[in-house]
Amino acid sequence: MKKLVIFDLDGTLLNTIDDLGHAANHALQQHDFPTHSTASYPFFVGNGVRRLMERVLPESSRNDQIVETMLKDFKAYYDEHLTDYTKPYPGITELLEDLRDKGVKLAVASNKYHSAVQRLIEHAFPTIDFVAVEGQKEGVKVKPDPSIVFSVLTQAHVEKADTLYIGDSGVDMETARRACIDSVGVAWGFRPIKELNEYHADTIVNSPQEIIGIVENGIPLK
């Protein structure tokens, strides 16, 4: 049985896409750049908010000064509105409670900036005691670099072999691979199943409840 489960945040635990899209569009509007439909944003997110700002800008405007200004506008808006539409995916709260009750340690490793990750977790899961909640911090490389996972392992005092990493994107699957940890891709997130397969997810689940069996019995044989 796994002793620790590390979750990605956006697209895995929480559906944050509407609030992310509204904040990015707000930043674009402040500088008279064209905005994007909400349906476009699942393909923009995943590598931190700085990369999000780069991706939503017209290619000719992606210089450091504009990106930095956009980032400030994005954060100012997002910090005020990050819970307007964001909510856990169906079955996620029950999954976390089940794992907690089984004595499994829980953690979050996200490319979203750290203060926002902390606020979202406290808002969405106030009764869950996570052993580590890690977002993007200055000077620490973002996923798929595995540094954030190694930080979680240190805080949890759990070995890699006893850990499961769960996410919704190729970035997450590559993070788990680099960290040498079993990976689970979720089908309900921002990225298509095809991407999870391309990045060699050890297994893919269609519902949160399926994760219980994997935690108890390991990755199913293919």
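Nearest heavy-atom pair across Ala109 and Ile6 is CB-CG2, 3.8 Å. Considering all non-hydrogen atoms of both residues, Phe43 and Pro192 come closest at CE2-CD, 4.3 Å. When every heavy atom of Val117 is checked against every heavy atom of Gly135, the shortest pair comes out as CG2-CA, 3.9 Å. For the pair Ile214 and Pro220, the tightest heavy-atom approach, listed with the atom from each and the gap, is CG1-CD, 4.2 Å.
Residues satisfying the side-chain contact (heavy atoms from CB on, under 4.5 Å) criterion with Pro90, sequence neighbours excluded, are absent altogether. Here His81 pairs with Tyr77 under the ring-ring contact (aromatic ring centres under 6.0 Å, His included) rule; sequence neighbours left out. Legend: residues meeting ring-ring contact (aromatic ring centres under 6.0 Å, His included) with Phe74, ordered by chain and number and at least two apart, are Tyr78. Partners of Tyr85 under the ring-ring contact (aromatic ring centres under 6.0 Å, His included) rule, at least two apart in sequence or in another chain, are His22. For Phe190, there are no ring-ring contact (aromatic ring centres under 6.0 Å, His included) partners, not counting sequence neighbours. Listed by chain and number, the residues in a side-chain contact (heavy atoms from CB on, under 4.5 Å) with Lys105 are Leu4, Val131, Ala156, Val158 (sequence neighbours excluded).
Both Ile166 and Leu95 are part of a single hydrophobic cluster, where members link through side-chain heavy atoms under 4.5 Å apart. Ile92 and Val133 fall within a single hydrophobic cluster, where Ile, Leu, Val, Met, Phe, Trp and Tyr side chains are chained together by heavy-atom contacts under 4.5 Å. There is no path of hydrophobic side-chain contacts, each under 4.5 Å, that joins Val205 to Tyr199. Hydrophobic clustering, with ILVMFWY side chains joined whenever heavy atoms are under 4.5 angstrom apart, groups Tyr113 together with Leu13. No single ILVMFWY cluster, assembled from side-chain heavy atoms under 4.5 Å apart, contains both Val149 and Ile121.
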Candidate pair Leu153 and Ile181, rule side-chain contact (heavy atoms from CB on, under 4.5 Å), full reasoning:
CA-CA 11 Å; Leu153 292 173; Ile181 290 173; 4.1 Å; yes
Could you give me the CA-CA distance, side-chain angles and deciding distance for Asp129 and Arg100, then say whether salt bridge (charged side-chain N to carboxylate O under 4.0 Å, His left out) is met?
CA-CA 8 Å; Asp129 185 18; Arg100 176 199 62 194; over 6 Å; no
Evaluate Thr35 against Gln29 for side-chain contact (heavy atoms from CB on, under 4.5 Å), listing each step before the verdict.
CA-CA 7 Å; Thr35 59; Gln29 288 172 335; 3.6 Å; yes
Evaluate the criterion side chain to side chain donor-acceptor pair (under 3.5 Å) for residue pair Gln155 and Glu134; output intermediate values, then yes/no.
CA-CA 10 Å; Gln155 294 175 68; Glu134 292 291 315; 3.0 Å; yes
Check the pair Phe7 / Leu99 against side-chain contact (heavy atoms from CB on, under 4.5 Å), numbers first and verdict last.
CA-CA 12 Å; Phe7 291 92; Leu99 292 174; 4.1 Å; yes
Dump the intermediate steps for salt bridge (charged side-chain N to carboxylate O under 4.0 Å, His left out) on Glu174 and Arg178, then the final yes or no.
CA-CA 6 Å; Glu174 178 66 9; Arg178 294 188 189 186; 2.9 Å; yes
Determine, step by step, whether Glu159 and Thr163 satisfy the side chain to side chain donor-acceptor pair (under 3.5 Å) criterion, reporting the C-alpha distance in whole Å, the side-chain angles of both residues, the deciding distance to 0.1 Å, and the verdict.
CA-CA 7 Å; Glu159 299 296 324; Thr163 302; over 6 Å; no
If you apply the rule side-chain contact (heavy atoms from CB on, under 4.5 Å), what do you find for Val142 with Arg51, and how did you get there?
CA-CA 10 Å; Val142 298; Arg51 287 289 288 131; over 6 Å; no
Given the rule in the salt bridge (charged side-chain N to carboxylate O under 4.0 Å, His left out) test, do Glu216 and Lys2 qualify, once you have shown the distances and angles that lead to the verdict?
CA-CA 7 Å; Glu216 292 178 335; Lys2 297 295 187 182; over 6 Å; no
Show the numbers, then the answer: is there a salt bridge (charged side-chain N to carboxylate O under 4.0 Å, His left out) between Asp172 and Lys143?
CA-CA 7 Å; Asp172 291 311; Lys143 300 181 296 185; 3.0 Å; yes
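Judged by distance alone, with hydrogens and angles left aside, the side-chain atoms of Trp188 form a donor-acceptor pair with the main-chain N or O of Thr12 at under 3.5 Å. A distance-only check finds no donor-acceptor pair linking the side chain of Asn15 to the backbone of Lys87 [under 3.5 Å]. Listed for the Arg62 side chain is no donor-acceptor partner under 3.5 Å among the backbone atoms of Val67. The closest donor-acceptor contact from the side chain of Asn111 to the backbone of Gln136 lies at 3.5 Å or more, if one exists at all. Distance alone, capped at 3.5 Å, is enough to place a donor-acceptor pair between the Thr86 side chain and the Leu82 backbone. In this structure, His200 contributes its side chain and Met173 its backbone to no donor-acceptor pair below 3.5 Å. A donor-acceptor pair under 3.5 Å is formed between the side chain of Arg191 and the backbone N or O of Pro42. Between the Glu210 side chain and the Asn206 main chain, a donor and an acceptor come within less than 3.5 Å of each other.
The CZ atom of Arg55 lies 13.5 Å from the OG atom of Ser40; values are rounded to the nearest 0.5 Å. Here the OG1 atom belonging to Thr38 is positioned 8.0 Å from the CD1 atom belonging to Ile17, to the nearest 0.5 angstrom. With rounding to the nearest 0.5 angstrom, the CD atom of Glu97 is 7.0 Å from the CG atom of Asp101. Residue Ser183 holds its OG atom at 6.5 Å from CD1 of Ile219, rounded to the nearest 0.5 Å. Taking CG of Asp98 as the start and CD1 of Ile212 as the end, the distance is 4.5 Å to the nearest 0.5 Å. To the nearest 0.5 Å, atoms OG (Ser169) and CD (Glu195) are separated by 6.0 Å.
Few gaps surround CZ on Phe130; more than 12 heavy atoms of other groups in view lie less than 6.0 Å from it. More than 12 non-hydrogen atoms from other residues, nucleotides or ligands lie less than 6.0 angstrom from CG of Asn63. More than 12 heavy atoms of other residues, nucleotides or ligands lie within 6.0 Å of NZ in Lys137, so this atom counts as buried by the packing criterion.
Between Thr69 and Asp73 the shortest side-chain heavy-atom distance falls below 4.5 Å. Side chains of Leu28 and Leu57 form a contact here, defined as non-hydrogen atoms less than 4.5 Å apart. For the pair Phe33 and Ser61, the minimum side-chain heavy-atom distance is below 4.5 Å. No side-chain heavy atom of Glu54 sits under 4.5 Å from any side-chain heavy atom of Phe44.
For Asp18 and Tyr41, the side-chain atoms include no donor-acceptor pair closer than 3.5 Å.
Between Lys112 and the choices Asp8, Asp19, Asp10, the salt bridge (charged side-chain N to carboxylate O under 4.0 Å, His left out) rule is met once, by Asp10.
Salt-bridge formation is not detected for the pair Glu122/Arg119: no Lys NZ or Arg NE/NH1/NH2 atom is positioned less than 4.0 Å from an Asp or Glu carboxylate oxygen. Contact check on Lys72 versus Glu68 returns no salt bridge, with no Lys/Arg side-chain nitrogen under 4.0 Å from an Asp/Glu carboxylate oxygen.
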